Amino acid sequence: MPSLDAAVAKVLDRHQPTDSDDEDALIAELEDDDSGAFSAHREKRLEQLHAEVSRAKMMQNSSHGTYQEIKDEKQLMDITTSTKLCVVHFMKPDFNRCRIMDEKLRPLAEKHFDTRFVSINVENAAFLVVKLKVQVLPCVIAFVDAVGVDRIIGFEGLGAKPDSFTLSELERRLMGSGVLVRAKMTKEDDLRKLEQKRAAREAEYDDDEWD
C-alpha cells in the first residue's frame, strides 16, 4: 500500500472510520491543518483522502474497525488464515486482566481498520489453546499472513507500569510485529481513555452508595 501523505494521515487518524461519512468535513479539516502548501499538493491529497475513506467503508463490511468476540474456533482459524493482519485475544471473560485488555484493544480496533481484531474465550478454543500453547491469560497473538509473529503474555513488555499501560504503549508493541500499518493513537486518545476510566470508577462508587 502506498504511503499516505503525512497531512492526510494526521486528519484521518483523528477520526474513527465510522466518522468518515462526511468527507467534505475531512477535506475542510485538511485545508485548515495545512501550513500553506496545501494547494501545491491538493490533487494528490484529495485523491488519497477519498481513497482512504472509501477503503475504510469497504473494510468495515468485513468486520474491520470493530472488536468482535468469536464463539467458534473453526471460524477463528478461517479469519486468521484469510486475513492479512489479525490480532487475537485469547481470554476468559471473568478474568480482570482480560477485561482490561479488552478495554485497550477495542479503541485500537476502531482506528486500525487495516487489521482485524478479535477475541475468543479459551473454553471455546480447546484445540487452538493446545496447538498455540496458550498457558497464561490474557494472551494476545499477532498474525501476519496467517503466521503468528508475536504474542503478549499477560501484560508482559507493556510500558514501565504494566498494570496501567496506555493505548499508545500497546499500539507500539503491536507495531513492532508489523501487524499494524502505522501509529494512530494520540495523547488525546490516552487522556480520553483515562477520563472514561475515572468516570466509570466514580459511577461504580455512586452505585455502591446506599442510604
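For clarity, every value in this text was computed on a predicted model and none was experimentally measured.
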As an exercise, state the distance from [atom1] of [X] to [atom2] of [Y], rounded to the nearest 0.5 Å.
X	Y	atom1	atom2	answer
Asp102	Ser119	CG	OG	5.5 Å
Met101	Cys139	CE	SG	9.0 Å
Leu137	Met91	CG	CE	9.5 Å
Leu85	Leu174	CG	CG	11.0 Å
Cys98	Glu103	SG	CD	11.5 Å
Ile141	Asp150	CD1	CG	9.5 Å

State, to 0.1 Å, how close [X] and [Y] come at their nearest heavy-atom pair, and which atoms those are.
X	Y	result
Leu167	Met185	CD1-CE, 3.6 Å
Val136	Ile153	CB-CG2, 3.5 Å
Phe143	Gly148	CD2-N, 3.6 Å
Gln75	Ile70	OE1-CG2, 3.6 Å

[X] side chain to [Y] backbone, donor-acceptor under 3.5 Å:
X	Y	result
Thr83	Cys86	no
Arg99	Lys92	no
Glu73	Leu128	yes
Arg173	Glu156	yes

Audit row: Val118, Tyr67, side-chain contact (heavy atoms from CB on, under 4.5 Å) steps and yes/no: CA-CA 5 Å; Val118 297; Tyr67 183 56; 5.8 Å; no
Salt bridge check, [Y] against [X]: does any charged N sit closer than 4.0 Å to a carboxylate O?
X	Y	answer
Glu69	Lys71	yes
Lys184	Glu171	no
Arg182	Asp114	no
Lys74	Asp78	yes

Aromatic ring pairing Phe165/Phe155, orientation class (parallel under 30°, perpendicular over 60°, tilted between): perpendicular
His64 vs Thr66, side-chain contact (heavy atoms from CB on, under 4.5 Å): CA-CA, chis, key distance, verdict: CA-CA 5 Å; His64 286 68; Thr66 65; over 6 Å; no
Heavy-atom distance under 4.5 Å between the side chains of [X] and [Y], does that happen here?
X	Y	answer
Thr115	Phe117	yes
Leu158	Glu169	no
Asn124	Asp72	no
Asn121	Pro93	yes

Under a single-linkage definition using a 4.5 Å side-chain heavy-atom cutoff for Ile, Leu, Val, Met, Phe, Trp and Tyr, are [X] and [Y] assigned to the same hydrophobic cluster?
X	Y	result
Ile79	Phe90	yes
Val140	Val144	yes
Phe95	Ile152	no
Val88	Val149	no
Leu132	Val147	no

From CA spacing to verdict: side-chain contact (heavy atoms from CB on, under 4.5 Å), His112, Val179: CA-CA 10 Å; His112 289 276; Val179 76; over 6 Å; no
